[in-house]
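Heads up: the structure comes next, in structure tokens.
Keep in mind it's a predicted model, so treat the numbers as computed, not measured. Every chain is numbered from 1 and lettered A, B, ... according to where its sequence line falls, protein lines coming before strand lines.
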Amino acid sequence: MSILTFLQERAGDIGIALQEHLIITVSSVLLGCIISIPLGILLVYNRFKWLNSAVFFIANLLQTIPSLALLAILIPLLGIGLKPAIIALFLYSIMPILRNTYDGFQSVDPSVLESARGIGYDAKQRILKIQLPLSLPYIMSGVRITTVYIISWATLATLIGAGGLGQLIVSGLGTNKLELIITGALGAIVLALLTDALLGWVERMLTKKYGRTSSATTA
Amino acid sequence: MIEFQQVNKVYDDGFQALKDINLTIKKGELTAFIGPSGSGKSTTMKLINRLITPSSGKVLINGEDIMTKNPVELRRNIGYVIQNVGLFPHMTIGKNVAVIPHLKKWDPKKIEPRVEELMRMVNLDPEVFRDRYPSELSGGQQQRIGVIRALAADPDIILMDEPFSALDPISREQLQDELIRLQEELNKTIIFVTHDMDEAIKVADTIVLMKDGEIVQTGTPESILRHPANDFVRTFIGQKRLDGDMNDGIGIDPESIRVSTVDEVMVTQPATVTPNRGLAEAIKIMSGRKVDSLFVVDKQRKLLGIVSIYRLLNQYGEENKTVKDIMRPIGYQVSPGTSLPEAVEIMSNARLTNLAVVDDDGRLVGLLTRGSIVQHLNEVYPTIVEQFASNLGEEA
Ligand SMILES: Nc1ncnc2c1ncn2[C@@H]1O[C@H](COP(=O)(O)OP(=O)(O)OP(=O)(O)O)[C@@H](O)[C@H]1O
Ligand SMILES: [Mg+2]
């Protein structure tokens, strides 16, 4: 059986798997951004350093739980299906996005911030017009790394019934069909590469729109 | 007018940075805060735009307590320039200059011409620079932008915290000159922090000298130079202290000129050359140091002789000759510890332009030049130099 006829035959399954995979990935990364970017900013402004350490400790800890175990833990809490898969992968996305947002904000030249304050930017304007655009490269690289990892981890989501490209791999294993396994794996790789390129483009667009962000600061 | 009334500042860590500051800053004047590092200059300045809140006491602008005002609004009406420039690296020069008008919600149609006007004011062509980013400008150009950004919304008060101290000496001079020119046109109330006395004397109408969180002396540059309040001020403005009696620089005993020795006056790094250098090399050293003769010394700095530019040029054709072949012996020299009048007498009797100071082992330790003598007199005996100057004036 040629590859082409195989792909044609399974086009429906592959399409559904791809769609599920995308939904899981996008939802968890978006959720990660919505929670972690503001949290990172809050931590930058937080005066109680022990709280920062605590939050980073927890986020780090989440990162170290093996993905299979995390999925298993979530079953009794959230059942099976899409929801626990998204939640689990979201938990993984917290650390890289949080860390990069925090580092990005910290990296802004203090004299730039001082002059912004002295000139009459209020706190909100400093965050939105100075710190956020200047830390955009950090935040975006956090988002890109996370997305690529999550696309790969999302292949496990099928184990708790969330479908995705992992579904192809699992059924390939069950029926001993190598082409299915390869399609699932290759699909995830291609998806990761495409998404990364897309996000790179988004980053360039954002940078263009909200000002150039070069690492060069004024001396 | 800006008034400080019994202002104290104690930082969170308990450090008292300002002690009972009372000060009036006149409208339309450039007031320089000067003092050693940590004396509280920046702290005092930042009280004016509420970047720092006093622990006690009041700051008034035109009679109004600034604590009654919204800090963000207040800052938008006060220009602020800092040493590290603080331009926004992600915005073009044009956008950087326009930030305050934008914050103040000016009509966008008015902003563009204002930006161009400001850039021309500091001789930066808008066509060339408007769309560049700060990192694409030299330090001096960035600082010019820092200054016009502060001027953009035409504030009455401008705060400048060591604005030029990170620049090379030439750009610094240029920016000082531009500041003086701008100030003549604009007549802003400018507070200018520096720790360079020459800079303060050059740009300021009034100088406020600070030390350990207190104001030591306030006055015009002229009055501070003529009547330093105490030894601290005297040292700070670069006058060497005298051994004899001296009150306020008045009534110096001219006899005290005898206490000076050549060691205090001589330049310690005279231009020298080693004996085996070629003649072209010697000329290069001369032009580098801008002198017309070189002392020839060996590795132990033992003085062997002197070569003048005339002699060098005379013999220049002889490619194989070295300095030691053409040098001449030293005619006059003095040893360290010789009194200045004695040395001056030798110089004037023998019509020397300079005089080597050589120790007992024959090593060259310094050189007395006419320039170094005049500079020394100016530092130690300003009144004598003044008298001298007025005598000269009468003769003329
Ligand atoms: N936030 C702060 N907390 C504690 N101490 C501070 C703080 N800011 C400044 N100080 C201290 O207050 C004193 C005065 O500081 P200030 O910055 O006003 O000095 P300065 O005269 O501007 O010095 P420099 O010439 O070095 O800029 C210094 O001893 C400094 O260490
Ligand atoms: Mg300072």
Side-chain angles (χ1 to χ4, degrees), chain A residues 37 41 44-50 100-101 103-142 200 202-219, chain B residues 12 42 45-46 48-52 70-93 95-104 131-143 145-146 149-150 152-153 155 158-161 163 166-167:
Chain A
I37 295 176
I41 297 173
V44 172
Y45 281 91
N46 164 40
R47 282 163 170 259
F48 307 103
K49 290 301 157 207
W50 60 266
N100 279 35
T101 306
D103 288 349
F105 268 61
Q106 295 274 311
S107 78
V108 175
D109 183 349
S111 65
V112 167
L113 277 182
E114 194 202 318
S115 75
R117 207 157 87 89
I119 271 172
Y121 277 74
D122 60 30
K124 196 178 109 199
Q125 288 166 327
R126 286 203 299 278
I127 292 176
L128 292 181
K129 302 209 168 134
I130 309 289
Q131 286 166 300
L132 210 51
L134 283 176
S135 39
L136 203 66
Y138 284 77
I139 298 174
M140 281 308 291
S141 88
V202 170
E203 181 183 341
R204 280 194 298 281
M205 287 303 112
L206 282 177
T207 316
K208 226 180 210 168
K209 178 136 191 243
Y210 297 104
R212 193 179 74 154
T213 21
S214 70
S215 53
T217 49
T218 53
Chain B
D12 292 342
S42 300
M45 198 189 78
K46 288 179 190 169
I48 299 171
N49 65 356
R50 286 190 61 181
L51 284 177
I52 291 176
N70 175 317
V72 170
E73 274 306 312
L74 179 77
R75 289 177 201 144
R76 288 179 187 173
N77 292 313
I78 297 178
Y80 189 54
V81 188
I82 57 176
Q83 176 185 356
N84 300 325
V85 196
L87 293 182
F88 302 143
H90 59 303
M91 295 182 193
T92 61
I93 296 305
K95 289 203 176 125
N96 263 289
V97 176
V99 287
I100 302 167
H102 269 299
L103 286 173
K104 298 186 81 171
D131 297 324
R132 288 209 196 164
Y133 285 89
S135 58
E136 296 162 348
L137 264 58
S138 74
Q141 290 167 340
Q142 290 183 25
Q143 197 53 280
I145 299 299
R149 180 172 69 175
I158 298 166
L159 310 179
M160 306 178 101
D161 196 347
L167 302 177

*Please step through side-chain contact (heavy atoms from CB on, under 4.5 Å) for the pair A:I130 and B:M91, ending with a clear verdict.*
CA-CA 9 Å; A:I130 309 289; B:M91 295 182 193; 4.2 Å; yes
*Can you measure from CD (A:Q125) to NE2 (B:H102) and round to the nearest 0.5 angstrom?*
12.0 Å
_B:V99/A:Y121 under side-chain contact (heavy atoms from CB on, under 4.5 Å): CA gap, chis, key distance, verdict_ = CA-CA 9 Å; B:V99 287; A:Y121 277 74; 3.2 Å; yes
*Decide side-chain contact (heavy atoms from CB on, under 4.5 Å) for B:R75 and A:I119; before the verdict, give the C-alpha distance in whole Å, the side-chain angles of both, and the deciding distance to 0.1 Å.*
CA-CA 6 Å; B:R75 289 177 201 144; A:I119 271 172; over 6 Å; no
*Supply the atom-to-atom distance A:E114 CD to B:D161 CG, rounded to the nearest 0.5 angstrom.*
7.5 Å
*Closest non-hydrogen atom pair between B:Y80 and A:G118, with its separation*: CD2-CA, 3.5 Å
*CG/B:L87 to OG/A:S111 distance, rounded to the nearest 0.5 angstrom?*
9.0 Å
*Return yes when atom NZ of A:K49 has more than 12 non-hydrogen atoms of other residues, nucleotides or ligands closer than 6.0 Å, and no otherwise.*
yes
*Which bit of B:R149 comes within less than 4.5 Å of chain A, counting heavy atoms only: side chain, backbone, both or neither?*
side chain
_Interchain contact, B:K46 with chain A, by part (heavy-atom threshold 4.5 Å)_ = side chain
_Pairing residues for A:D122 by the salt bridge (charged side-chain N to carboxylate O under 4.0 Å, His left out) criterion, not counting sequence neighbours_ = none
_Donor-acceptor under 3.5 Å (B:H90 side chain, A:K129 main chain)_ = yes
*Taking all non-hydrogen atoms of both residues into account, name the closest pair between A:S115 and B:G86 and its distance.*
OG-O, 2.7 Å
_Just checking A:Y45: does its OH atom have more than 12 heavy atoms from other residues, nucleotides or ligands closer to it than 6.0 angstrom?_
yes
*asked:* Suppose we screen for ring pair (Phe, Tyr, Trp, His ring centres under 6.0 Å). Which residues come up paired with A:Y138, at least two apart in sequence or across chains?
replied: none
*Which one, B:V72, B:L159, B:L103, leads in non-hydrogen pairs under 4.5 Å with chain A?*
B:L103
*Between B:I82 and chain A, which part of the residue has a heavy atom less than 4.5 Å away: side chain, backbone, both or neither?*
side chain
*Could you tell me whether a side-chain N or O of B:R76 sits under 3.5 Å from a main-chain N or O of A:G120, the two making a donor and an acceptor?*
yes
